[in-house]
Amino acid sequence: MARQVPIANTRNIGIIAHIDAGKTTTSERILFYTGVSQKIGEVHDGQAVMDWMAQEQERGITITSAATTCFWRKHRINLIDTPGHVDFTIEVERSLRVLDGVVAVFCAVGCVQPQSETVWRQADRYGVPRIAFINKMDRLGSDYGRCISEIRDKLSAVPCLLQLPVGKEDKFEGLIDLLEMRFLSYSRDPNDPTSFEEKPIPEDRLAEAQEARNALAETLADFDDGLIEDFLEGREIEAARLKASLRRGTLALKCVPVLLGSAFKNKGVQPLLDAVVDFLPSPTDIKPVAGIGPQGEIEERPASDGAPLAALAFKLMSDPYVGHLTFLRVYSGTLRSGDQVFNSCRESREKIGRLLKMHANKREEIKEAGAGDIVAAVGLRNSSTGDTLCDEAKPLVLEQMHIPEPVIHIALSPKSKDEADKLGQALGKLASEDPSFRVRTDRETGEIIISGMGELHLEIIADRLQREFKVGVNLGAPQVAYRETITRKVEVEYKHVRQTGGRGQYGHVWLRLEPQEPGSGLVYETAVVGGTVPKEYHNAVGEGALEACQKGGVRAGFPVTDMKVTLFDGSFHDVDSSEMAFHLAASMCLKEGLRKAGSIILEPIMDLEVVTPEDYVGEVIGDISTRRGKVNNLDTLGGSKVIGAEVPLGTMFGYSSELRNRTQGRATFSMQFGRYQPLPETVAAEVAAQREARKA
């Protein structure tokens, strides 16, 4: 089947931002202006096309990333609208893993907010080119200049302003396009959302516009040698050359084009679409995707329909009408309905039943997908998030995505014994869809423990169990995801010897345990000299030690992290040694080492930002202090104060209600995981005692 649109005219983009910056509103306008929707859906009415889940419509927030396809200037745009709430950061993570470019939306009042920084760093991790859209220019207190400064200072980016506003706040009526030197006026017919007209730049703004255009050219000349001479000699640089330079700089991650507008008031969205086409990459503009071949070599696959197949499964979803859906980004080759493909991560074959183009929760069946396409496949039984599907004759494994660790646990039980089996199946489906959601059974209490990124995350899980799977559940009190680590280096020996009458068990290891930098996780190495422990047992030692770390430390039974384990000596028996014996020896040795190494408890520390009227600053700061919090900064935002602080997660349950009560509902806050740090000893003793009580 011939391509409808050349691959060079394809744009795979996402919308990312802090919560309430206007991502979904911007997405809805994009769908309207590109002709996908005939009516603009509003978030506050629960009518947004991209917010299709019942929970999204009720809360007015995006929970799951939604994909759709639209067309603009003969280009196909595959668009993913992502959540802004930190509890659903996995949706942003896996979307950025497969996208070629993103639109970062900033509120003109709030500017660069905490989750703005988080999603920007996620885009940095995958090297995704960006353009910035400063939204809500019609709002009281809007300040695009401050936004640009914060993009430069907080995000370490090079912003290139492409427009100037005409009018301020509720008088915002249009934009001056600095590339084409024209005025885009949106004041002709306020009742017509498609209405705007091009006019000459007002005389009183002409000098300002020319100065801003020169500043844009100067910024581009810093990294584009082709512009330097013209700029230094004061020659006029035509729009086409500036656009070409901007595109090169954006693709090379050297600059970020910045546009202005008000999506809710239908101003500035068409130029944003033009910028997506002009400055963000096609699949052929980015480096060929690289993976690991069967011999461990690095292989690249070009974005071509004729190349061997390479596709990444980046999301799973249960659809009530077609069943299990696997979302795929096809990097190279062609995928057809009925094809048999090879899952190189699991070394198994899969059959593609049907291929679908998704428009939020609506489906359009297609026969094939080529390089650069984002589609959903029906019929894949054994593929999970992050798996690679490829040609069995040309296998490779693509780079995995980063999965954040949960920070909160809740005990969960079915409301009736009859629902226990249904609950297990439902939790299994939800865990397969969301890698940041974990389920386990506590081996000591027998309780089902669900883990996630925050209270809202687990609240939505419980709501979905009730609505989608018809399983009633009881939830326990939230529990913090504490960790344990060590404070000093130790060397410890353990010899596992067991005689049973026949072949016995013999495993003898010396392990060195060393504390590591916060956030480094667990590291296992071998430094055996002279073959005292044969190589065939080295992996068994590592597995035994790391498994013991996951089962829990000696202080309170929390998982162990930020530690290096080195096998450096030991001995073996020609007959009685086995992998199992060394696995057990390593596990027991590690436990003994933790006792000697000064095991401590770590707690998750959250980055908190509170926006409050000035009258309540003292109340808010005082409350943060009682929660063992530390205030780092106090800024002014319009008529409000912005308090930046670090607080332990364990003290923040119920904070939303408390903040409302203290500020008469006038303050707002956002919170995201920052790091782990040692728990104060007095609190650690209480936490350990509470955990022992739960076990009893």
Side-chain angles (χ1 to χ4, degrees), residues 11-73 75-85 88 91-92 95 99 101-110 115 119 131-139 172 175 186 189-196 259-277 280 357-364 374:
R11 301 288 184 270
N12 291 315
I13 70 161
I15 310 287
I16 61 172
H18 184 88
I19 191 169
D20 204 32
K23 295 178 307 305
T24 301
T25 300
T26 302
S27 297
E28 293 298 316
R29 268 52 181 186
I30 287 174
L31 298 185
F32 178 75
Y33 290 123
T34 57
V36 173
S37 302
Q38 302 305 310
K39 176 178 177 292
I40 295 176
E42 301 293 5
V43 174
H44 60 270
D45 292 333
Q47 299 297 314
V49 173
M50 302 298 269
D51 284 351
W52 57 270
M53 291 176 66
Q55 293 89 344
E56 294 176 315
Q57 294 167 356
E58 290 172 359
R59 289 171 168 80
I61 62 171
T62 301
I63 293 170
T64 183
S65 54
T68 191
T69 299
C70 56
F71 294 85
W72 185 257
R73 284 174 38 192
H75 285 67
R76 180 179 61 192
I77 300 173
N78 296 320
L79 171 69
I80 296 181
D81 176 33
T82 67
H85 199 288
F88 310 106
E91 294 290 333
V92 184
S95 297
L99 292 171
V102 296
V103 176
V105 179
F106 299 91
C107 171
V109 180
Q115 189 65 3
V119 297
I131 59 178
F133 180 58
I134 298 178
N135 191 28
K136 302 189 178 184
M137 287 291 295
D138 60 309
R139 289 274 300 275
F172 174 58
L175 298 160
Y186 292 87
D189 184 355
N191 297 317
D192 181 0
T194 65
S195 174
F196 77 96
L259 297 99
L260 313 175
S262 169
F264 183 63
K265 295 294 179 67
N266 307 305
K267 296 174 181 177
V269 180
Q270 296 98 324
L272 175 62
L273 280 164
D274 287 336
V276 167
V277 169
L280 290 182
K357 273 282 186 189
M358 299 299 293
H359 175 52
N361 63 331
K362 296 181 174 61
R363 300 155 298 279
E364 174 193 346
I374 294 176

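Model, not experiment: these values are computed from the prediction. Positions are given from 1, in the same order as the sequence printed here.
Under the side-chain contact (heavy atoms from CB on, under 4.5 Å) rule, Thr82 has a single partner from Ile16, Ile15, Thr24, Leu99, which is Ile16.
Taken to the nearest 0.5 Å, the CD1 atom of Ile13 stands 5.5 Å off from the CD1 atom of Ile77. If you take NE2 on His75 and CG on Leu280, they are separated by 11.0 Å, rounding to the nearest 0.5 Å. Note: Asn78 CG to Asn12 CG = 4.5 Å, rounded to the nearest 0.5 Å. To the nearest 0.5 angstrom, Thr25 atom OG1 is 11.0 Å from Ile30 atom CD1. Expressed to the nearest 0.5 Å, how far CD1 of Ile374 lies from OG1 of Thr69 amounts to 8.0 Å. To the nearest 0.5 Å, the span separating SG on Cys70 from CZ on Arg11 amounts to 12.5 Å.
Counting heavy atoms from C-beta on, the side chains of Arg363 and Met358 come closer than 4.5 Å. Side-chain contact between Glu91 and Ile80: absent, with no pair of heavy atoms (C-beta onward) separated by less than 4.5 Å. Contact annotation: the side chain of Phe264 never approaches that of Arg139 to less than 4.5 Å [non-hydrogen atoms, C-beta and beyond]. The shortest side-chain heavy-atom distance between Leu175 and Leu259 does not fall under the 4.5 Å cut-off. In this structure the side chain of Asn266 reaches within 4.5 angstrom of the side chain of Tyr33, judged on heavy atoms. The side-chain heavy atoms of His359 and Glu364, taken from C-beta on, include no pair separated by under 4.5 Å. Counting heavy atoms from C-beta outward, Val109 and Lys136 have side chains that stay 4.5 Å or more apart. When side chains are defined from C-beta on, Lys267 does not count as touching Phe196, because their heavy atoms never get closer than 4.5 Å.
The closest donor-acceptor contact from the side chain of Asn135 to the backbone of Val105 lies at 3.5 Å or more, if one exists at all. Within the 3.5 Å criterion, the main-chain N or O of Gln115 finds a donor-acceptor partner in the side chain of His18. Under the 3.5 Å distance criterion, the side-chain polar atoms of Tyr186 are left unmatched by any main-chain donor or acceptor of Phe172.
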* To do: Mind running side-chain contact (heavy atoms from CB on, under 4.5 Å) on Thr68 and Asp81 for me, showing each step along the way?
  => CA-CA 9 Å; Thr68 191; Asp81 176 33; over 6 Å; no
* **Trace of the side-chain contact (heavy atoms from CB on, under 4.5 Å) decision for Arg73 with Asp274** => CA-CA 8 Å; Arg73 284 174 38 192; Asp274 287 336; 3.3 Å; yes
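Take Lys265 and apply the salt bridge (charged side-chain N to carboxylate O under 4.0 Å, His left out) test, not counting sequence neighbours, and it matches Asp138.
Between Ala21 and Cys107, the closest heavy-atom pair is CB-N, 4.0 Å. Among all heavy-atom pairs drawn from Val119 and Ala17, the shortest one is CG2-N, 4.1 Å. Nearest approach of Ala263 to Val269, heavy atoms of both residues: CA-CG2, 4.1 Å.
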